[in-house]
Q: 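Here it is, the structure, as structure tokens.
Just so we're on the same page: letters track the sequence lines, and every chain starts at 1.
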4 protein chains.
Amino acid sequence: MGRKQSFTESELLDMTKKLVLEHGYDGFHLKLLSEHLSGARSTIYQYFSNKEEIVAACMKRVMVKVLEKALAIDETDPMDALEQLLLVYVEESALHQLLGQAGKINVANSSAAAKDLEFIDEAHTTLKVQLSRLFERAQQNKGLRQDIPLPVLIGVFFNLIDTPNMMNIPAPDWGKLLFQMWIGGARS
Amino acid sequence: MGRKQSFTESELLDMTKKLVLEHGYDGFHLKLLSEHLSGARSTIYQYFSNKEEIVAACMKRVMVKVLEKALAIDETDPMDALEQLLLVYVEESALHQLLGQAGKINVANSSAAAKDLEFIDEAHTTLKVQLSRLFERAQQNKGLRQDIPLPVLIGVFFNLIDTPNMMNIPAPDWGKLLFQMWIGGARS
Amino acid sequence: MGRKQSFTESELLDMTKKLVLEHGYDGFHLKLLSEHLSGARSTIYQYFSNKEEIVAACMKRVMVKVLEKALAIDETDPMDALEQLLLVYVEESALHQLLGQAGKINVANSSAAAKDLEFIDEAHTTLKVQLSRLFERAQQNKGLRQDIPLPVLIGVFFNLIDTPNMMNIPAPDWGKLLFQMWIGGARS
Amino acid sequence: MGRKQSFTESELLDMTKKLVLEHGYDGFHLKLLSEHLSGARSTIYQYFSNKEEIVAACMKRVMVKVLEKALAIDETDPMDALEQLLLVYVEESALHQLLGQAGKINVANSSAAAKDLEFIDEAHTTLKVQLSRLFERAQQNKGLRQDIPLPVLIGVFFNLIDTPNMMNIPAPDWGKLLFQMWIGGARS
DNA sequence: AATGAATGAGTATTCATTCAT
DNA sequence: GATGAATGAATACTCATTCAT
């Protein structure tokens, strides 16, 4: 019954992701969004009751995907696991960039957005715990140099994710390259 | 005696830099700016004729400083020069972040902004040329590994700049740490 | 310095009072308001930051006036005092009607509105205390019939205020008439 | 077998009455209405073609009921008749309150609404005639004081209807109480 | 030169009404 | 019939920019 949907919730969130990455949270407007979908601006309110909810839902969806992939990694060998983890983060590098905008969402307006952001926060903690666990085990295995503080090693590892892939190397290869750079450095 | 002097152009640009870094280009408003200065919002128009010009001028000023520092580096030893260059970029990491917003400036409105952005573009090229020169010489000196494409080495080098300095290590030390990570990698 | 105001805050609140009485809270729009003032709709935001604040401020202003008048009444003779009080309420019958709309103001949006409504609430209590005091003394003086519950006497007294003055009798006379009706009833 | 029956027209009008009394005409929305009924918002248009018609029909229905009751009153003794009339109006006090909103209905949109409002207007006149008739006879019988203009006596009588029944006294008793207040006044 | 005030254009959001299944 | 979905028009509010003192 009822008319056919002009766009699905999933299409809406996909486009939101794209546009927030492109324009940042403040540059993201519902007018912009509707112009990239096949329906009217007001139709968006059939799915979400305000801008905050849309972006929060979008972030949550990305986080869920990353969480699933990250927690599926075999952690037997910490160094291998870190490499795989880096690949996950590289594949979903949007997460890192999106989450940088999470602080701008005005939670006061929308409890649904607040709930989503809370979920994201918890998931973030889960991921940090996994990362710390792997780094500690890697260090115990004498796999990591000791002359550089662990937080710096981690920070650089994390920052690698956002390195622009200018040569458009396929994700798996790109992940491997970055990991090797991180592990072995640039010196011959 | 004239009216009391409100803020200076330099104060205006300093605050603009701070606020653009904090809120991004779209989150940066003249209202916000004037609230962080000692005069009225309309006084801003004594110095610049629109928002675009302000941000462009701000970017240009940062670029000029970086350019001076970068071109003053002694390039005798390419590896040393790269380390010093990284330090410059780390000290002025605002440049990298600001320039990420340059594309959002609507140049159609303002020729002054257009001119500034053009200058920035040229300077950017100049810096890229310097970087390529140093990298090539480093590679010729067999200083850099060959199994990773040069653009990747450069991309990772550049991306290091934005690594968040969570432990608040002083800039010179922070620069050295990052350079060592880049050179030597994380493996013990 | 600066331009001349196109309308004053007082004009704004006067017109708000008139329009809220005419159209009710839900029928009161800022567009409507601006159409009855000499400036643009957006100029209203120089004075108040949202619709809620405007209406709350308007109500508070009316309440302050009523409070001053009511507390200035000489309470030596309770019956006389009640008559004077009725006159006050009749002169400012807007208060009663406005306050009927107070519950519709969404306080969540605006702390200024919340503060004003709180003030109104306290003032309301003060007025009720005064009214109860006078009624009790009138009853002790055997001035009021005992076969009708006091709350009903009070309720009817209060409700008189809103009786439409169709013959446009001047306020003091109108107040006296109503008081006599209340006191003596309609029977000859 | 057809589709499941959603709400009936009568349910629709009952709920409309309740909601208009609760929220006023401007605060009454079809969305709100449908949320308080068992069907979809669009189903409302099976019964009425716009919002104006709904409210007008609702008012008419209440008016019809009041008219029937009022015209059934035995007018032998005008004073008794007035008491019974007051009871009718108190029982259906919604009428008075609803009719206060009638002026807000935009008749231009809907001829059906216009027709209903016209009916209401005529009925209103009928009731006023009845009221005037009874008042005049009561006055001729020397039942009403002469020192107060008849319109004021009528106005106060009518206004009694809206006195809030805070003690929740049953309608017949409440009507009697109000009538006695009106007749005899508050003085002991 | 400095600024308080005015404003128009732009975005967010709501809701009556219409479509199409 | 009944309804889920689409939508355009209307209002709330913000902010860059212009005026006038």
Side-chain angles (χ1 to χ4, degrees), chain A residues 1-8 26-34 37-52 54 106 109, chain B residues 1-7 26 28-34 38-52 54 106 109, chain C residues 1-8 26-34 37-54 106 109, chain D residues 1-7 26 28-34 38-54 106 109:
Chain A
M1 232 171 319
R3 278 210 255 183
K4 223 181 348 180
Q5 290 183 324
S6 59
F7 50 83
T8 67
D26 289 296
F28 170 77
H29 303 302
L30 296 207
K31 194 189 168 202
L32 188 67
L33 178 56
S34 72
L37 293 172
S38 50
R41 196 173 359 164
S42 55
T43 303
I44 296 172
Y45 291 88
Q46 301 270 357
Y47 296 99
F48 296 97
S49 48
N50 52 50
K51 188 178 145 176
E52 285 75 34
I54 297 173
N106 179 5
N109 278 341
Chain B
M1 203 174 59
R3 200 64 59 88
K4 145 183 156 271
Q5 171 83 10
S6 70
F7 48 81
D26 288 293
F28 170 77
H29 304 301
L30 296 205
K31 197 185 167 200
L32 188 68
L33 178 56
S34 71
S38 52
R41 188 164 24 150
S42 50
T43 304
I44 295 172
Y45 290 85
Q46 303 282 347
Y47 297 101
F48 298 96
S49 49
N50 53 51
K51 185 178 151 178
E52 285 75 33
I54 298 172
N106 180 3
N109 278 338
Chain C
M1 232 170 321
R3 280 210 255 184
K4 222 181 346 179
Q5 290 184 325
S6 59
F7 51 82
T8 66
D26 290 295
F28 170 77
H29 303 301
L30 296 206
K31 195 188 169 204
L32 188 67
L33 177 55
S34 72
L37 293 171
S38 50
R41 201 177 349 172
S42 56
T43 304
I44 295 172
Y45 291 89
Q46 301 270 356
Y47 296 98
F48 297 96
S49 46
N50 52 51
K51 186 178 146 176
E52 285 76 33
E53 271 187 31
I54 298 174
N106 178 5
N109 277 340
Chain D
M1 203 172 59
R3 197 68 56 88
K4 144 185 157 272
Q5 170 84 10
S6 71
F7 48 81
D26 289 292
F28 170 77
H29 303 301
L30 296 204
K31 198 186 167 200
L32 187 68
L33 178 56
S34 72
S38 54
R41 189 164 23 150
S42 49
T43 304
I44 294 173
Y45 290 85
Q46 304 282 348
Y47 297 101
F48 297 96
S49 49
N50 53 50
K51 186 179 151 178
E52 285 75 32
E53 269 186 33
I54 298 172
N106 181 3
N109 278 340

Q: For Ala40(D) and Arg3(C), find the nucleotide of DNA chain F closest to each by heavy atoms; which residue's nucleotide sits nearer the 5' end?
A: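 Result: Ala40(D).
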
Q: Rounded to whole angstrom units, what separation is found between the CZ atom of Phe48(B) and the C1' atom of dA16(F)?
A: 16 Å

Q: Could you tell me the separation between the CD1 atom of Ile54(B) and the CZ atom of Phe28(B), rounded to the nearest 0.5 Å?
A: 5.5 Å

Q: Rounding to a whole Å, what distance do you find between Phe7(C):CZ and dT7(E):P?
A: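 For the pair Phe7(C) CZ and dT7(E) P, the rounded distance is 8 Å.
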
Q: Any strand counts, and the cut-off is 3.5 Å on both contacts for Watson-Crick or G-U wobble. Which nucleotide pairs with dC13(F)?
A: dG10(E)

Q: For dC15(E), what is the paired nucleotide under Watson-Crick or G-U wobble rules, both distances under 3.5 Å?
A: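 Pair assignment: dC15(E) / dG8(F).
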
Q: Tell me whether Ser38(A) contacts the main-chain N or O of Ser6(A) through its side chain, where contact means a donor paired with an acceptor under 3.5 Å.
A: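 Yes: the side chain of Ser38(A) pairs with the backbone of Ser6(A).
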
Q: Measuring from the side chain of Ser42(A) (C-beta onward, heavy atoms only), which nucleotide among dC15(E), dA16(E), dA5(E) has the closest atom?
A: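 Nearest nucleotide to the side chain: dC15(E).
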
Q: The side chain of Tyr45(C) lies closest to which of these nucleotides: dT3(E), dT14(F), dT11(F)?
A: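 Within the option list, the nearest is dT14(F).
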
Q: Quick one: ring-ring contact (aromatic ring centres under 6.0 Å, His included) partners of Tyr45(D), sequence neighbours excluded?
A: none

Q: Looking only at N and O atoms, is any donor in the side chain of Gln5(B) or the base of dA1(E) less than 3.5 Å from an acceptor on the other one?
A: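 There is none.
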
Q: Map Ser49(B) and Asn50(C) onto DNA chain F by nearest heavy atom, then report which one ends up closer to the 5' terminus.
A: Asn50(C)

Q: Please name all residues satisfying side chain to side chain contact (heavy atoms under 4.5 Å, CB included) with Ser49(A), sequence neighbours left out, ordered by chain then number.
A: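 Residues passing side chain to side chain contact (heavy atoms under 4.5 Å, CB included) with Ser49(A): Glu53(A).
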
Q: Please classify the nucleic acid contact of Ser6(C) as base, sugar-phosphate, or nothing, using heavy-atom distances under 4.0 Å.
A: sugar-phosphate

Q: What nucleic acid atoms does Thr43(A) come within less than 4.0 Å of, heavy atoms only: base, sugar-phosphate, or nothing?
A: base

Q: Is Thr43(C) close to Leu37(C) at the side-chain level, that is, under 4.5 Å between some pair of heavy atoms?
A: no

Q: Are OP1 or OP2 of dG10(E) and a side-chain N or O of His29(A) less than 4.0 angstrom apart?
A: no

Q: So, does the side chain of Gln46(B) form a donor-acceptor pair with the base of dA2(E) at under 3.5 Å?
A: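 Present.
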
Q: Under a 3.5 Å limit for both distances, which nucleotide forms a Watson-Crick or G-U wobble pair with dA20(E), could you say?
A: dT3(F)

